[in-house]
Structure formats: C-alpha cells, structure tokens
Chemist: 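Here's a structure for you.
We number each residue from 1, following the sequence as shown.
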Amino acid sequence: MTAGLWDLVLRGIWTTVQLLFFSALLAAAVSFAVGIARSHRRWIVRFLAGFYTEVFRGTSALVMIFWVFFVLPPAFGWQLVPMWAGTLALGLTYGAYGSEIVRGALGAVNPAQAEGGIALGFTPGQRMRKILLPQAVPEMIPPFSNLLIELLKGTALVSVMGMGDLAFSGNLVRLALQESAEIYTYVLLLYFVIAFLLTRVMRGLEHHLKAGVR
C-alpha cells in the first residue's frame, strides 16, 4: 500500500481506539450504576434497572446506532456527531450486559460480609463501598475483559454512519486497491493486536486488584 493509504488506516485505528475508550467509560459507568441498582432495597429501583437491562440487551446494537444517529435528530431537533452517537449507542448497549456482571459479582459475595457491616452500623452505601465492591470488583475483571473485546468488535458497526473507523478505512483501501484478501487480512490482524493488548492490560489489572484484596 502507498503511504497515503497507510495513513488512512492509521487514522482508522486511532478513531477506533477513541471510540472504544469513550464507549467503554460510558459502559462501565452504566454497568455499575444499573448493576448496583439491581440489588437496591426499593423494588421500584430494581424494576427500573431491570427494565433498562432487558430493553438494551434485547435490541440490536446496530439498530440502536441507527436510532441514535437517524431517529433522535428529527425527534429532538439536534444532531450528534458520529463519534458521540456511536459512543452513546455502544455504551448504553454494552453497559446493559455489564450490569449483569456487576449484579452477579455482588450477589456472589458471602452474605455474612454484609451482615458484619450491619453489625458495625454501616449504612447501605458504606457497606457497598467498604465491603461488597472491594471483594466483588476483582471477580468482575475476567467477564469485563470479555465484554471489552466484544465492545471492540462492536465498534466496527459505526462504519454504517460513514465514520472513519478501522473497518470503514479498510473498506476504502479495498476499494482503492481492488484487493480484498490482503486488506481484510491486515484489518483482522489489527483487531487481533488491539484485542490482545486489551486482554493483557485487563489481566494485569485483575492480578493487581486480587493482590490488594489479599
């Protein structure tokens, strides 16, 4: 490939990394907020959190991207740029999956731990911050690592908005060179490298957190 086409691919990688970063931040915030709400003592909070989870888990991320980018503008009179439309759609969708990871990890903590917090006079918030989360978070890392890889692969969906991510850039290069096998092999390898690096980072984070719990 020429230098210009390589520059196009590199810009696509940078766009994908940015989208992954922003949508992962949103998904993490949603995961913890909704996951903790699923274990709230008030039934209405549990119901609303469960409703959100079922709605976003039961809809296609691709359709959600279309909805955020094409349906919201006429309905509300404003237009999101592709980066933020993709971030919103992916973050909310994958956050719904992440909330189940949080809920499951919190539910797996020995109930005696929470009972000990009650005996010490901790408020529900204090029990969550000082007892439940420190034990549950290390157990969340492996499934969150898998979800992060799925989110990386999901970023390719934003190419339907004409956003210049890695998948979109790879397709432009393919059209320019009229060569599919070589270009898409490069794209596959680039996704694999990013996924491998993410896996190593998450594994290091897991070891660090578990060492801190000990």
Side-chain angles (χ1 to χ4, degrees), residues 19-65 67-68 84-155 157 195 198-214:
L19 178 62
L20 176 65
F21 177 77
F22 292 127
S23 56
L25 284 181
L26 177 58
V30 170
S31 296
F32 278 94
V34 177
I36 292 172
R38 293 292 301 274
S39 60
H40 199 274
R41 64 183 183 276
R42 295 181 183 272
W43 74 267
I44 186 63
V45 177
R46 296 196 305 272
F47 172 78
L48 292 175
F51 180 75
Y52 166 84
T53 300
E54 294 306 321
V55 167
F56 278 87
R57 286 197 310 172
T59 54
S60 165
L62 178 60
V63 174
M64 188 59 64
I65 289 173
W67 196 86
V68 170
W84 300 123
T87 295
L88 184 62
L90 293 174
L92 293 177
T93 300
Y94 285 88
Y97 291 97
S99 68
E100 285 296 281
I101 296 174
V102 174
R103 183 186 66 84
L106 290 174
V109 176
N110 191 333
Q113 299 288 329
E115 292 169 4
I118 295 173
L120 292 171
F122 286 177
T123 65
Q126 288 174 324
R127 293 198 299 272
M128 182 63 67
R129 294 193 308 272
K130 297 182 179 181
I131 298 175
L132 298 177
L133 283 177
Q135 297 182 66
V137 168
E139 304 305 321
M140 300 176 194
I141 299 302
F144 267 136
S145 179
N146 290 333
L147 188 62
L148 187 60
I149 301 304
E150 290 299 319
L151 176 56
L152 167 65
K153 292 185 284 187
T155 59
L157 298 174
L198 290 174
T199 301
R200 301 307 301 177
V201 169
M202 294 297 285
R203 189 166 298 173
L205 179 61
E206 179 187 3
H207 291 327
H208 174 73
L209 291 174
K210 287 187 174 179
V213 170
R214 297 192 194 101

Chemist: Any chance you could measure L151, atom CG, to F21, atom CZ, to the nearest 0.5 Å?
Modeler: 12.5 Å
Chemist: Rounded at 0.5 Å granularity, tell me how far CD1 in I101 sits from CG in L147.
Modeler: 5.0 Å
Chemist: Using side-chain heavy atoms (C-beta onward) and a distance below 4.5 Å, is L90 in contact with L20?
Modeler: no
Chemist: Compare all side-chain heavy atoms of W84 with those of V68 and state whether any distance is below 4.5 angstrom.
Modeler: no
Chemist: For salt bridge (charged side-chain N to carboxylate O under 4.0 Å, His left out), just list the numbers for R203 and E206, CA-CA rounded to whole Å, side-chain angles, deciding distance to a tenth of an Å, and then say yes or no.
Modeler: CA-CA 5 Å; R203 189 166 298 173; E206 179 187 3; 5.6 Å; no
Chemist: Could you tell me the separation between the CZ atom of R103 and the CD1 atom of I36, rounded to the nearest 0.5 Å?
Modeler: 13.5 Å
Chemist: Aromatic rings F47 and F51: how do their planes relate, parallel, tilted or perpendicular, breaks at 30° and 60°?
Modeler: parallel
Chemist: So R38 and T53, do their side chains get closer than 4.5 Å, heavy atoms only?
Modeler: yes
Chemist: Using atom types as modelled and distance alone, determine if a side-chain donor or acceptor of T199 lies under 3.5 Å from a backbone N or O of A195.
Modeler: yes
Chemist: Main chain of S31, side chain of Y94: is a donor-acceptor contact present, judged purely on distance under 3.5 Å?
Modeler: no
Chemist: For a quick test of reading the model, state the closest non-hydrogen atom pair linking A136 to L106 and the distance between them.
Modeler: CB-CD2, 3.9 Å
Chemist: Please identify which of these residues, I65, T93, L26, meets the side chain to side chain contact (heavy atoms under 4.5 Å, CB included) condition with L88.
Modeler: L26
Chemist: Can you see which heavy atom on L19 is nearest to which on G86, and at what distance?
Modeler: CD1-C, 3.8 Å
Chemist: Rounded at 0.5 Å granularity, tell me how far CE in M140 sits from CZ in F32.
Modeler: 4.5 Å
Chemist: Rounded to the nearest 0.5 Å, how far apart are CG of L132 and CD of Q126?
Modeler: 12.0 Å
Chemist: Give a yes or no answer on whether the side chain of R57 reaches the backbone of A96 with a donor-acceptor pair at less than 3.5 Å.
Modeler: no
Chemist: Rounded to the nearest 0.5 Å, what's the gap from CG on L48 to CZ on R46? Could you check?
Modeler: 11.0 Å
Chemist: Mind checking whether V30 and Y52 have side chains closer than 4.5 Å, heavy atoms only?
Modeler: yes
Chemist: Using modelled atom types and a 3.5 Å cut-off, is there a donor and acceptor pairing between side-chain atoms of E150 and backbone atoms of N146?
Modeler: no
Chemist: How far apart are the closest heavy atoms of M128 and P134, and which atoms are they?
Modeler: O-CD, 4.0 Å
Chemist: How far apart are the closest heavy atoms of A61 and L157, and which atoms are they?
Modeler: CB-CD1, 3.8 Å
